[in-house]
2 protein chains.
Amino acid sequence: MNTLAEENYLKAIYHLSLSDANVSTNQIAAALNTKAASVTDMLKKLADKELINYEKYQGVTLTAVGKKIALQIIRKHRLWEYFLVEKLNFKWDEVHEMAEEMEHISSVELIDRLDKFMDYPKHDPHGDPIPDRDGNFKKHELKPIASLAVNEGGIISGVRDHSATFLQYLEKQQLTIGKKITVTEIIDYDHSMILQVEQTTTHISREVAKNLLIVI
Amino acid sequence: MNTLAEENYLKAIYHLSLSDANVSTNQIAAALNTKAASVTDMLKKLADKELINYEKYQGVTLTAVGKKIALQIIRKHRLWEYFLVEKLNFKWDEVHEMAEEMEHISSVELIDRLDKFMDYPKHDPHGDPIPDRDGNFKKHELKPIASLAVNEGGIISGVRDHSATFLQYLEKQQLTIGKKITVTEIIDYDHSMILQVEQTTTHISREVAKNLLIVI
DNA sequence: ATTTATTTTTAGACAAGTCTAAATTTTTTA
DNA sequence: TAAAAAATTTAGACTTGTCTAAAAATAAAT
Ligand SMILES: [Mn+2]
Ligand SMILES: [Mn+2]
Ligand SMILES: [Mn+2]
Ligand SMILES: [Mn+2]
């Protein structure tokens, strides 16, 4: 089918195309920790396979086929993350690297049975939606806590930064998926926020508020 | 650490060295579906890394380090096979190819937790022993049914041929791991055997009898 | 509208792993 | 024990994916 490298490129292009319709060579290089020249080579290969639309110097978009493949990889990544957390009791900041390997296990039957085994979870441990076998998922409307006014609130449902340090910080502050929060005060000076998180009160920086997502 | 190709070579050498102390280039080539010239190249690499003892034209043996790595891969292979059968309800003839991919997932912590999750199984779906995290396992004495005389018997505990066709045949004949069998008759002409398998009677060829293993 | 800076592509090289064909070594057979 | 056969290694080539350095194209700034 597709090589491991090809899969990683498709996935990176998919993620990047959520913010920018046309994904640039340098963006891909940064995402994959590689060099622009290497990316150009691979883009030619993916274009030959008709997995991306590529015109020199113009950046790329995924074709329908390319997008489908990317979503299958993301499905596998998120289902394995869910497995690692829910069945093997890993913490949400520990699973990403393992899932980066496991997402390349090829069997579709395997991933469908894993999905069933876990009773068809809809979101991974970080709140990201898990596509079904056809690549469909509903993206609920998430907004950063930073966009809230005083007395507004919602349920923590996702993160914009998946780094282990951020996730560990959130864990320590009890700011985990599913928790109900309300903004009780916004500090004028630095736009930091004081939150009511169930019984307790927490003070978070604007940086954190921008990367923590809720559904209202 | 080691590449996927290196891991496959070490595993192949380990399996082959169970029958022959010194493993030959051609044996490895056959086991890995590759060419002798490719094997020679890889043997040099593995020897440089001190994972095998290699002298030109003389075949190879694993070093202690090489053997340890091979056993870790085998541990992973068999634990994943057990998972696929016991948790995801695959049949014993369906899991080998998937496990060939999964055995290369690198995390040791992952495999130890998987082991715990399944309550430390001692044997994989084909009756093969699962090494513990240190590579230890006890090899119980298995003998082929072909070596039995009339009225002798035992518990089916392993297979010598892991092919899907053989496993499917055994499944159909109810000749699965754990079943108690007794030889009721041996046909002089072709050495085929008539077995009592719990309530039923089955007639198996010498070919089959040689590849089906019991513990007495 | 040029010049300058940035981005992207090309050119040429390299490592890993594989292959075929030819050379060499070992083993078998006569 | 010398010739033939089989096994193994070497030589040279190819693919995938990567890199650096240089050239070309695009975007930004004067
Ligand atoms: Mn992840
Ligand atoms: Mn995730
Ligand atoms: Mn197997
Ligand atoms: Mn097995």
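Below, each value reflects all heavy atoms present in this structure, side chains not excepted, and no hydrogens, waters or symmetry copies. Residue numbering restarts at 1 for every chain, and letters A, B, ... go by the order of the sequence lines.
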Atom CD1 of B/Ile28 and atom P of C/dT18 are separated, to the nearest Å, by 12 Å
Check: Do the charged groups of A/Glu100 and A/Lys11 touch, with an N to O distance under 4.0 Å?
Finding: yes
- Message: Counting the atoms with a prime plus P, OP1 and OP2 as sugar-phosphate, which does A/Thr25 contact under 4.0 Å by heavy atoms, base, sugar-phosphate, or nothing?
- Response: sugar-phosphate
B/Asp41 has its side chain closest, among C/dC19, C/dT10, C/dT8, to C/dC19
Run the side chain to side chain contact (heavy atoms under 4.5 Å, CB included) test on B/Met193 and B/Ile181 for me, step by step, so that the C-alpha distance in whole Å, both residues' side-chain angles and the decisive distance to 0.1 Å come before the verdict.
CA-CA 11 Å; B/Met193 290 171 142; B/Ile181 64 101; over 6 Å; no
Using a heavy-atom cut-off of under 4.0 Å over every strand shown, decide if A/Ala36 touches base, sugar-phosphate, or nothing.
base
Centroid-centroid under 6.0 Å between A/His123 and A/His140 rings = yes
Check your understanding: Which part of the nucleic acid, if any, lies within contact of A/Ala37, taking any heavy atom under 4.0 Å across all strands shown: a base, the sugar-phosphate backbone alone, or nothing?
Key -> base
ask   = So B/Asp93 and B/Gln168, side-chain hydrogen bond (donor to acceptor under 3.5 Å, both in side chains) or not? Walk me through it.
value = CA-CA 6 Å; B/Asp93 58 289; B/Gln168 282 160 16; 2.8 Å; yes
Expected list for residues 48-61 of chain B near DNA chain D, using heavy atoms below 4.0 Å, is B/Tyr54, B/Lys56, B/Tyr57
- Message: On the six-membered ring of B/Phe117, is B/Lys87 placed so that its NZ or CZ lies under 6.0 angstrom from the centre and within 45° of the ring axis?
- Response: yes
In whole angstroms, the gap separating C1' of C/dA16 from CG of A/Leu4 amounts to 15 Å
So do A/Val183 and A/Glu152 actually touch side chain to side chain, heavy atoms under 4.5 Å?
no
To the nearest angstrom, the CG-P distance between B/Leu46 and C/dT18 comes to 11 Å
Ring centroid separation B/His77 to B/His96 under 6.0 Å: yes
Of the candidates C/dT10, C/dC19, C/dT8, the side chain of B/Lys35 sits closest to C/dC19
With a 4.0 Å cut-off (strictly under) to non-hydrogen atoms of chain B, the first and last hit nts on DNA chain D, 5' to 3', are D/dA7 to D/dT10
Self-check item: A/Glu109 vs B/Phe90 side-chain heavy atoms within contact, under 4.5 Å
Solution: yes
